[in-house]
Q: 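Let me begin by handing over the structure; questions about it come next.
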Amino acid sequence: MEKTDVVIIGGGAAGLFCAIEAGKRGRRTVVLEHAESIGKKIAISGGGRCNFTNLNTSADNFISANPHFCKSALARFTPADFVALVEKHNIAYHEKKLGQLFCDGSSRQIIELLLTEASAAGVEIRCRTTVFDVKKSEPPASAGRLNAASAFEVKTNSGTFSCESLVVATGGLSIAPLGATDFGYRLARQFGLAIREPWAALVPFTLSRDALRELAPLSGVSLNASVSCRGAQFRENILITHRGLSGPAILQISSYWQPGTSIVINLLPDLDALELFRAQENKDVTLANFLSQFLPRRFAAAWCALNFPSQRIRQYTPKELADIAHKLNHWELTPSGTEGFKKAEVTAGGVATDELSSQTMAAKRVPGLYFIGEVVDVTGQLGGYNFQWAWASGYAAGQDA
Ligand SMILES: Cc1cc2nc3c(=O)[nH]c(=O)nc-3n(C[C@H](O)[C@H](O)[C@H](O)COP(=O)(O)OP(=O)(O)OC[C@H]3O[C@@H](n4cnc5c(N)ncnc54)[C@H](O)[C@@H]3O)c2cc1C
């Protein structure tokens, strides 16, 4: 049995950051990672350049049953704090757009930063270490925190650890080949904590066979549009794929979508389509040709085939033109599904925030147990927010564990 102060399960962004902070406080800290190396998601993030934070981070960029929960942690470890660390390690970075900060070089630099800080803080990292079982031994009622030592027993394939504080940083269900497991949710349930049922977020949509017949041949075509669903709206690119729709606007809205509901796409977000029809002097032009002034030509043709057979503008009745215009500005589409956890950038839902202290990420009903990062029901929008949550929640737990 190895005795230590803090065991962290999961060597991803949140787990490593928490380990650094706990180590800096003089806590003997061990990170247990079942994969052969740490930080696999960091390595592939941001197209290999890691979008490590977003300068505009606020609670509004997160989805959670309790939209206020993330505020405290985000306020105590801000994007500027992470940028200071990036600068301390001489990592060159740039703002791509909308406050999104990326490494100029490679995501590996962020992993090196974390490893260097962890080593300086005396953190021990054990890879290829799978946790099988966790038990909590109840300290005597009279024991204070200091006497509550060795509250958890953590059984792994390479021995058993006993620790005072156990931090669960096992991430979500997205992309199993990178190490994702449901272990964090199972552990939460074992200790009686509620879970908000996880769902795939930041994920491409699949479409019905009919829609695909027209759109799939346009795979690779992208357009700038605004997409809305259940009160959320994003203006960015939409990409047509051979299976459905992707691109930043679609990934963003997917986090808010529920099966069976529709999304609304405004194909001409800066224009009133009816006004365009009224202003068009040459009524002999076909609808598809007319629309190709504003939309990619192949897309305009496919959209007409799917919705309104293309003919000369003058051949439509005023009512038909009004319907076409309405559909251009409010194209309602019901995805048949999403590409699921296989392709989702993140997992929404997770350990219910009601169960945790927003100050420390500690489970209110299980002293010494903490949940941080993506395993918690706090999910960022696209653009560096998920890493900022990983750093901030890891920092919060690292001050307390
Ligand atoms: C392709 C892709 C690109 C992304 N790009 C960005 C981006 O640019 N910016 C951004 O903000 N977010 C991005 N994200 C999201 C971001 O990577 C995650 O939100 C973030 O990594 C979550 O950190 P985490 O530490 O909570 O979980 P993870 O990084 O998933 O870490 C969890 C760790 O726990 C380990 N683990 C799981 N179960 C066990 C177990 N039973 N025992 C031991 N270890 C276990 C896993 O192997 C993993 O190493 C991207 C995600 C993907 C998939």
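Hydrogens, waters and symmetry mates are skipped; everything else that's a heavy atom, side chains included, is used. Atoms within each ligand, like the ligands themselves, are counted from 1 in listed order.
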Q: Would you say ligand 1 has an N or O under 3.5 Å from any N or O of Asn51?
A: yes

Q: What protein heavy atom sits nearest atom 6 (C) of ligand 1, and how far off is it?
A: Ser45 CB, 3.6 Å

Q: Under a 4.0 Å N-O cut-off, is there an ion pair linking Glu197 with Arg189?
A: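 Counted as a salt bridge, because a side-chain N and a carboxylate O are separated by less than 4.0 Å.
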
Q: So which heavy atom in the protein is nearest atom 17 (O) of ligand 1, and how far is it from that ligand atom?
A: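 For this ligand atom, the closest protein heavy atom is Phe387 CZ, 3.4 Å.
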
Q: Apply side-chain contact (heavy atoms from CB on, under 4.5 Å) to the pair Phe161 and Lys3, showing each step before the final yes or no.
A: CA-CA 6 Å; Phe161 295 80; Lys3 281 197 168 184; over 6 Å; no

Q: Indicate the atoms forming the closest heavy-atom contact of Asn51 with Leu101, along with that distance.
A: ND2-O, 2.9 Å

Q: Which is closest to atom 38 (N) of ligand 1 in terms of heavy atoms, Thr181, Thr379, Leu32?
A: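 Heavy atom nearest to atom 38 (N) of ligand 1 belongs to Thr181.
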
Q: If you count the atoms of ligand 1 from 1 in the order shown, which ones are under 4.0 Å from a heavy atom of Ile175?
A: 53 (C)

Q: Are any non-hydrogen side-chain atoms of Ile372 and Phe17 less than 4.5 angstrom apart?
A: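 Side chain of Ile372 against side chain of Phe17, heavy atoms only: no contact under 4.5 Å found.
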
Q: Can you confirm whether more than 12 heavy atoms, excluding those of Lys96, are under 6.0 Å from its NZ atom?
A: no

Q: Is Thr170 touching ligand 1 with its side chain, its backbone, both, or neither, if touching means heavy atoms under 4.0 Å apart?
A: both

Q: Please list, in number order, the atoms of ligand 1 under 4.0 Å from a heavy atom of Ile9.
A: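 Close to Ile9: 42 (N), 43 (C).
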
Q: Determine, for Lys319 against Asp323, whether the closest basic-nitrogen to carboxylate-oxygen distance falls under 4.0 angstrom.
A: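 Judged by the 4.0 Å cut-off on N to carboxylate O distance, Lys319 and Asp323 do form a salt bridge.
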
Q: Please list the nearest protein heavy atom to atom 34 (O) of ligand 1 with its residue and the distance rounded to 0.1 Å.
A: Gly10 CA, 3.2 Å

Q: Check whether any N or O atom of Gly39, backbone or side chain, sits under 3.5 Å from an N or O atom of ligand 1, and answer yes or no.
A: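 Looking only at distances, the answer is no, because the N/O contact criterion of under 3.5 Å is not met.
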
Q: Would you check whether His34 has a nitrogen or oxygen atom less than 3.5 angstrom from a nitrogen or oxygen atom of ligand 1?
A: yes

Q: Can you tell whether the side chains of Lys88 and Glu117 come within less than 4.0 Å, N to carboxylate O?
A: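 Salt bridge flag = yes for Glu117 with Lys88.
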
Q: Distance-only, no hydrogens or angles: does the Gln252 side chain make a donor-acceptor pair with backbone N or O of Leu382 under 3.5 Å?
A: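 It does hold such a pair.
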
Q: For atom 33 (C) of ligand 1, grab the closest protein heavy atom and report residue, atom and distance to one decimal in Å.
A: Glu33 OE1, 3.6 Å

Q: Where is the nearest protein heavy atom to atom 31 (O) of ligand 1: which residue, which atom, and how far?
A: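 It is Gly12 CA, 3.4 Å.
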
Q: Looking only at heavy atoms, is any part of Val346 under 4.0 Å from ligand 1, and if so is it the side chain, the backbone, or both, or is it neither?
A: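 The answer is the side chain of Val346.
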
Q: Taking Glu112 for its side chain and Ser107 for its backbone only, find out whether a donor-acceptor pair lies under 3.5 Å.
A: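 Judged by distance alone, no pair lies under 3.5 Å.
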
Q: I would like to know whether Phe294 and Leu276 meet side-chain contact (heavy atoms from CB on, under 4.5 Å); could you show each step before the answer?
A: CA-CA 10 Å; Phe294 312 103; Leu276 289 182; 3.7 Å; yes

Q: Heavy-atom distances under 4.0 Å decide this one: backbone, side chain, both or neither, for Ala169 against ligand 1?
A: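 It is the backbone that gets close, since no side chain atom is under 4.0 Å.
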
Q: Need the ligand 1 atom indices (1-based, order shown) with element for anything under 4.0 Å from a heavy-atom of Gly373.
A: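 So the answer, numbered in order with elements, is 26 (O).
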
Q: Check this for me: does any side-chain nitrogen of one of Asp270 and Arg235 sit under 4.0 Å from a carboxylate oxygen of the other?
A: yes

Q: Can you pull out the closest protein heavy atom to atom 1 (C) of ligand 1? Residue, atom name and distance to 0.1 Å, please.
A: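 For atom 1 (C) of ligand 1, the nearest protein heavy atom is Ile44 CD1, 3.3 Å.
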
Q: Looking only at protein heavy atoms, which one is nearest to atom 22 (C) of ligand 1, and how far off is it?
A: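 For atom 22 (C) of ligand 1, the nearest protein heavy atom comes out as Glu374 OE1, 3.4 Å.
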
Q: Output yes when the distance from some N or O of ligand 1 to some N or O of Ala14 is under 3.5 Å, and no in every other case.
A: yes

Q: Would you please determine whether Ala13 falls within less than 4.0 Å of ligand 1 on a heavy-atom basis?
A: yes

Q: Please report which non-hydrogen protein atom sits nearest to atom 27 (O) of ligand 1, along with the residue it belongs to and the distance in Å to one decimal place.
A: Gly171 CA, 3.4 Å

Q: What verdict does the side-chain contact (heavy atoms from CB on, under 4.5 Å) test give for Val154 and Leu166, after you've listed the backbone C-alpha separation in whole Å, the side-chain angles of each residue and the deciding distance to 0.1 Å?
A: CA-CA 9 Å; Val154 183; Leu166 179 64; 3.9 Å; yes

Q: Quick one: does ligand 1 sit under 4.0 Å from the side chain of Val375, the backbone, both or neither, non-hydrogen atoms only?
A: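 Within the 4.0 Å criterion, Val375 makes no contact with ligand 1.
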
Q: Just going by heavy-atom distances, which of Phe52, Tyr385, Phe183 is nearest to atom 41 (N) of ligand 1?
A: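 When every heavy atom of Phe52, Tyr385, Phe183 is considered, Phe183 comes closest to atom 41 (N) of ligand 1.
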
Q: Can you find an N/O atom of Ile372 closer than 3.5 Å to an N/O atom of ligand 1?
A: no

Q: State whether the number of non-hydrogen atoms from other residues, nucleotides or ligands found under 6.0 Å of His89 atom NE2 is greater than 12.
A: yes

Q: Counting distance only, does the side-chain N/O of Glu355 pair as donor-acceptor with the main-chain N or O of Ala194 below 3.5 Å?
A: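 Checking the backbone N and O of Ala194 against the side chain of Glu355, a donor-acceptor pair under 3.5 Å is found.
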
Q: Which residue from Arg186, Lys343, Glu345 reaches closest to atom 3 (C) of ligand 1 through any of its heavy atoms?
A: Glu345

